[in-house]
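See below for the structure under consideration.
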2 protein chains.
Amino acid sequence: MDAVDRRLIDALRANGRASYAELARIVGLSSSAVHERVAKLESSGVISGYRAVVDPTLIGLGVTALVGVEPGENGNDTLIAASLDAVPEVESCYAVAGAEAFIVKVRVPSVDDLHLVLGRLRGIDGVARTRTTVVLATRFEMRPHPLEPGPGVPAEDVP
Amino acid sequence: MDAVDRRLIDALRANGRASYAELARIVGLSSSAVHERVAKLESSGVISGYRAVVDPTLIGLGVTALVGVEPGENGNDTLIAASLDAVPEVESCYAVAGAEAFIVKVRVPSVDDLHLVLGRLRGIDGVARTRTTVVLATRFEMRPHPLEPGPGVPAEDVP
DNA sequence: ATTGAAATCGGTTCGGC
DNA sequence: GCCGAACCGATTTCAAT
């Protein structure tokens with residue numbers, strides 16, 4: 001994992017469909033060398049896949065909420081986690097420190113659907129409470145901040 | 001935006017590097033027809049880009065936290081938002097309902113770095129308080145749940 | 001680990017339906 | 001809007017270093 005790998009990762013986080021030829025131009029290697037390096041990043045799990053970024057509002061998922069899920073006295077976290085996995089509207093799921101053992105992100109078409117999903121979450125065995133925060137605007141998400149500084153602006157000359 | 005478009009979106013959310021030939025096989029159209037449809041999805045903003053999915057722990061970002069950012073009496077949300085944008089460790093930023101006007105996701109190499117970033121967030125002009133929840137485990141993130149049910153299991157025959 | 005060449009396969013355009 | 005063909009460029013493999 002050297003500087004070239006980091007630049008490849010940055011390039012593929014910015015454009016997951018960049019061609020090997022394009023990546024080769026960026027890092028200054030042949031496309032076959034890039035092919036091999038990317039294959040290694042994939043098989044080693046550093047790059048686990050590629051995803052199209054889709055605007056949720058344009059596919060009818062206009063409502064987003066962050067929901068804290070608090071287990072009761074005898075709530076089993078492992079079972080709760082499995083139940084959360086089974087709810088398709090739950091897009092992300094974090095196990096966190098605190099009384100709320102989980103924080104999940106829910107994406108639904110409408111507040112009516114949110115209502116239904118929250119009911120389902122509260123109905124999960126072992127869940128005592130949920131606490132919902134409605135998202136008013138997603139300013140940015142999954143922003144890729146570069147690992148490798150790159151050529152960038154040269155440091156000031158100190159005379 | 002018909003069922004074919006939705007299946008293309010699903011396929012590209014599952015594999016952002018799927019070739020047009022591959023997509024054509026999935027939806028049962030020619031690759032040129034797929035090319036045209038995907039181009040339209042891109043230019044209409046439904047698909048805004050493609051990203052490699054990278055394992056944060058394997059690139060040295062082992063600590064994740066969710067941070068609520070609460071403005072003071074005279075805090076300007078627009079200015080705070082701009083300041084949050086400028087913090088590279090902030091990977092996602094949501095404007096939310098409630099006293100905490102923003103919830104951000106922070107990704108850093110260590111708890112020391114988290115400490116530094118939280119200091120920077122609290123130092124933003126107009127910010128009164130932050131409330132930090134440390135992520136113990138990311139069970140899943142940005143999970144793409146299909147829009148289109150697909151062929152799936154055929155409905156039971158009703159005699 | 002990288003190269004350059006060779007062969008294959010996919011991307012892209014276009015005429016026609 | 002979709003197809004099919006043709007062209008071109010990229011992917012992928014491989015021997016050599």
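Chain A is the first sequence line, chain B the second, and so forth, proteins listed ahead of strands; every chain is numbered from 1.
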Inset, instruction - Look at all strands and tell whether B/Ala21 reaches a base, only sugar-phosphate, or nothing, counting heavy atoms closer than 4.0 Å. - result: sugar-phosphate
Inset, instruction - Take the protein atom CD of B/Glu22 and the nucleotide atom C1' of C/dC9, then report the distance between them rounded to whole Å. - result: 13 Å
Legend entry - Which residues share a side chain to side chain donor-acceptor pair (under 3.5 Å) with A/Asn76, sequence neighbours left out: none
Legend entry - DNA chain C: stems of at least 3 consecutive Watson-Crick or G-U pairs whose donor-acceptor distances fall under 3.5 Å: C:1-10 with D:8-17, C:12-17 with D:1-6
Collect all protein-nucleotide pairs involving nucleotides 12-17 of chain C in which both atoms are nitrogen or oxygen and the distance is under 3.5 Å.
unit_1	atom_1	unit_2	atom_2	d
C/dT12	OP2	B/His35	NE2	3.1

Inset, instruction - May I have all residue pairs that pass salt bridge (charged side-chain N to carboxylate O under 4.0 Å, His left out) and include part of residues 51-78 of chain B, sequence neighbours excluded? - result: B/Glu70-B/Arg129
Inset, instruction - Between A/Ala33 and A/Arg17, name the one whose nearest nucleotide on DNA chain C is closer to the 5' end. - result: A/Ala33
Legend entry - salt bridge (Lys or Arg N to Asp or Glu O under 4.0 Å) partners of B/Asp10, counting only residues at least two apart: none
Inset, instruction - Sequence neighbours left out, what passes side chain to side chain donor-acceptor pair (under 3.5 Å) with B/Tyr20? Give chain and number order. - result: none
Legend entry - Value in whole Å for how far the P atom of C/dG4 lies from CG of A/Leu29: 11 Å
Legend entry - Residues that B/Arg25 engages under side chain to side chain donor-acceptor pair (under 3.5 Å), provided they are two or more places apart: none
Legend entry - Side-chain ion pair, B/Arg7 and B/Asp2, N-O less than 4.0 Å: no
Inset, instruction - Rounded to the nearest angstrom, tell me the gap between atom CG in B/Leu8 and atom C1' in D/dC2. - result: 13 Å
Side-chain atoms of residues 113-120 of chain B: list all donor-acceptor pairs with protein atoms under 3.5 Å, sequence neighbours left out, distances to 0.1 Å.
unit_1	atom_1	unit_2	atom_2	d
B/Asp113	OD2	B/Ser110	N	3.3
B/Asp113	OD2	B/Ser110	OG	2.6
B/Arg120	NH2	B/Ala86	O	3.4

Legend entry - Contacts of type side chain to side chain donor-acceptor pair (under 3.5 Å), residue A/Glu91, not counting sequence neighbours: A/Lys105, A/Arg107
Legend entry - Rounded distance (Å) that lies between atom P of D/dA10 and atom CZ of A/Arg25: 6 Å
